[in-house]
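What follows is a single structure, written as structure tokens, with notes after it.
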There are 2 protein chains.
Amino acid sequence: MVARPAQRAQPRPPLTRDRVLRAAIQVADEHGIAALTMRRLAEVVGAEAMSLYHHVANKEQVLDGVVEMITTEINELVDAIDLPSAGTAWKAAMRQRILTARRVFLRHPWAPQVFESRSVLNAAVLKYHDGLVRIMRDGGFSNDLCHHALHALGSRALGFTQELFNPGGAAAGADTGADLSSMAAALPNLVGMLAEVVHDDPDSTLGWCDDQTEFEFGLDLLLDGLDRLRAQGS
Amino acid sequence: MVARPAQRAQPRPPLTRDRVLRAAIQVADEHGIAALTMRRLAEVVGAEAMSLYHHVANKEQVLDGVVEMITTEINELVDAIDLPSAGTAWKAAMRQRILTARRVFLRHPWAPQVFESRSVLNAAVLKYHDGLVRIMRDGGFSNDLCHHALHALGSRALGFTQELFNPGGAAAGADTGADLSSMAAALPNLVGMLAEVVHDDPDSTLGWCDDQTEFEFGLDLLLDGLDRLRAQGS
DNA sequence: ACCTGAACACCGTTCAAGT
DNA sequence: ACCTGAACACCGTTCAAGT
């Protein structure tokens, strides 16, 4: 009666906010954001759903914390970048920063949706953008142009875009292919474009585009335009 | 016993998919997207929740239908635009089309989130983009450049951006102001930028930016860059 | 203090039954 | 055929109670 036998082989480490948030990211990574429920989250950390509420106020705060944790990881990576940013060098510094941040989002494909659903200003996200403004100021941007630039880049500044045309589930590819050819009459320009663009991969559809290439194309289009405005002293 | 008295002053018109979708848009417009539940939707059309399932398969299909209905409205507006698009005129034609579409989204601030949550290709959305490709082709774009352009524009092609920094609820403005000044040490570049950019409106914060101005700035940056690539025959 | 079982007020959706 | 009440399997969250 003195020594109670351990009920589990590995006694559960005490619950903390940090452990809860880490588990939330893990659940979303493995099963998608829809699977992230308080009950499931509790299961992963080996507790009851109601125990979570001693460490986070509610589910909204879990999502806020997840955004904070991912952005903190990004901040650590980009703070380690040591690149000149004065004058024309600003563009390369900015580009590397953004593509570094993007690599984190590629590991969390559900994260863009969560980031865009938050309406509160997050300290880590602000810190990330503060770093972007520093680079642009080093490059000779006026504060006004910095401000326009942040708006123009939008989520691209953090390394992601929300694609309007997503590849759906497993069957979506085949379905879309059939739909598209039957829609050729109604969509002559789009179908003509796709026929030419994806000709080297006959199975391709809109969903099969090279996301990285397209991300960099759009990013460079914006950075080049901003550099032109910088040069003319906007 | 022959003539049963009407149970309601105005007998309810028969339920249709169209009426259900219209009611969905109305509920979201008036009470936000979170208020759009099947039970509430039924209430608005004067039926029981379960009656909705005779006209739509499920809630996902309601959201798909809402996207389709809004895009159809946009298509009607942009199809009425009669603007030349050959050669350099492409840019003005594209710009007007996109800003026209944007006006529809300004009436449905919840719609961007719904559009980006859909993963299936919608016929009306494809038709809208087909029109954009036509204009770019008229302007002399290669199919390859058209394709890059659609990706680079992303949701901006349809007239909306999802802002990462949203003005929160009513109290968010004041809170944010206090937070920002206390964060000046940690965020020198961002705070410095804001101090200068919003100096003419002392109550301003990031959330108070002129969305229309910023949208057009980002759009023109992209369109100008694309025009440059078009001119050099990419 | 930290954790929990039972319960509440909601969801979307199924089913069998009404007319 | 169209519509409905009751019910089911989920949610997030509250509460009173355990240690």
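Computed from heavy atoms alone, side chains included, the values below leave out hydrogens, waters and symmetry copies. Within every chain, numbering begins at 1; the chains are lettered A, B, ... in the order of the sequence lines, protein sequences first and strands thereafter.
- Taking atom CE on A/M50 and atom P on C/dA7, their separation rounds to 13 Å, with Å as the unit.
- A perpendicular orientation is assigned to the rings of A/F105 and A/F115, their planes being inclined by more than 60° (bins at 30° and 60°).
- Distances from the side chain of A/E48 to the nucleotides C/dT4, D/dC3, D/dA7 place C/dT4 closest.
- When each of A/R39 and B/A49 is assigned the nucleotide of DNA chain D with its nearest heavy atom, B/A49 is the one assigned upstream, toward the 5' end.
- Contact check on B/E216 versus B/R95 returns a salt bridge, with a Lys/Arg side-chain nitrogen under 4.0 Å from an Asp/Glu carboxylate oxygen.
- Whole-Å rounding puts the B/Q61 CD to C/dT13 C1' distance at 14 Å.
- Of the charged side-chain nitrogens involved, at least one lies within less than 4.0 Å of a carboxylate oxygen, so that B/E68 and B/R17 count as a salt-bridged pair.
- Between B/R19 atom CZ and D/dC3 atom C1' there is a gap of 14 Å when expressed in whole angstrom units.
- Rounding to the nearest 0.5 Å places OG1 of B/T100 at 11.0 Å from CG of B/D79.
- Salt bridge A/E73/A/R107: present, at least one basic N to carboxylate O contact under 4.0 Å.
- Exactly one residue among A/V45, A/L41, A/L36, A/V44 makes a side chain to side chain contact (heavy atoms under 4.5 Å, CB included) with A/Q26. That residue is A/V44.
- Phosphate contact (OP1/OP2 of C/dC3, side-chain N/O of A/H55, threshold under 4.0 Å): present.
- In the set D/dC3, C/dG12, D/dT13, the nucleotide with an atom closest to the side chain of B/L15 is D/dC3.
- Ion pair A/D18/A/R22 flagged as a salt bridge, since at least one NZ, NE, NH1 or NH2 atom sits closer than 4.0 Å to an Asp/Glu carboxylate oxygen.
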Please, what dot-bracket string fits DNA chain C when only Watson-Crick and G-U pairs with both distances under 3.5 Å count, crossing ones use [ ] and pairs to another strand use |? ||.|||||...|||||.||
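- C/dT14 atom C1' lies 9 Å from atom OH of B/Y53, rounded to whole Å.
- The nearest whole Å value for the distance from the CZ atom in B/R40 to the C1' atom in C/dG12 is 17 Å.
- The interatomic distance linking A/E60 (CD) with D/dT13 (P) rounds to 8 Å, in whole Å.
- Rounded to whole Å, atom C1' of D/dC10 lies 14 Å from atom CD of A/E43.
- Within the nucleic acid shown, B/T37 comes within 4.0 Å of sugar-phosphate atoms alone, with no base atom in reach, counting heavy atoms only.
- Within 4.0 Å of A/M38, counting heavy atoms only, lie sugar-phosphate atoms of the nucleic acid but no base atom.
- Using a 4.0 Å cut-off, no side-chain N or O of B/S51 falls inside it from OP1 or OP2 of D/dC2.
- The residue among B/H54 and B/K59 whose nearest nucleotide of DNA chain C is located toward the 5' end is B/K59.
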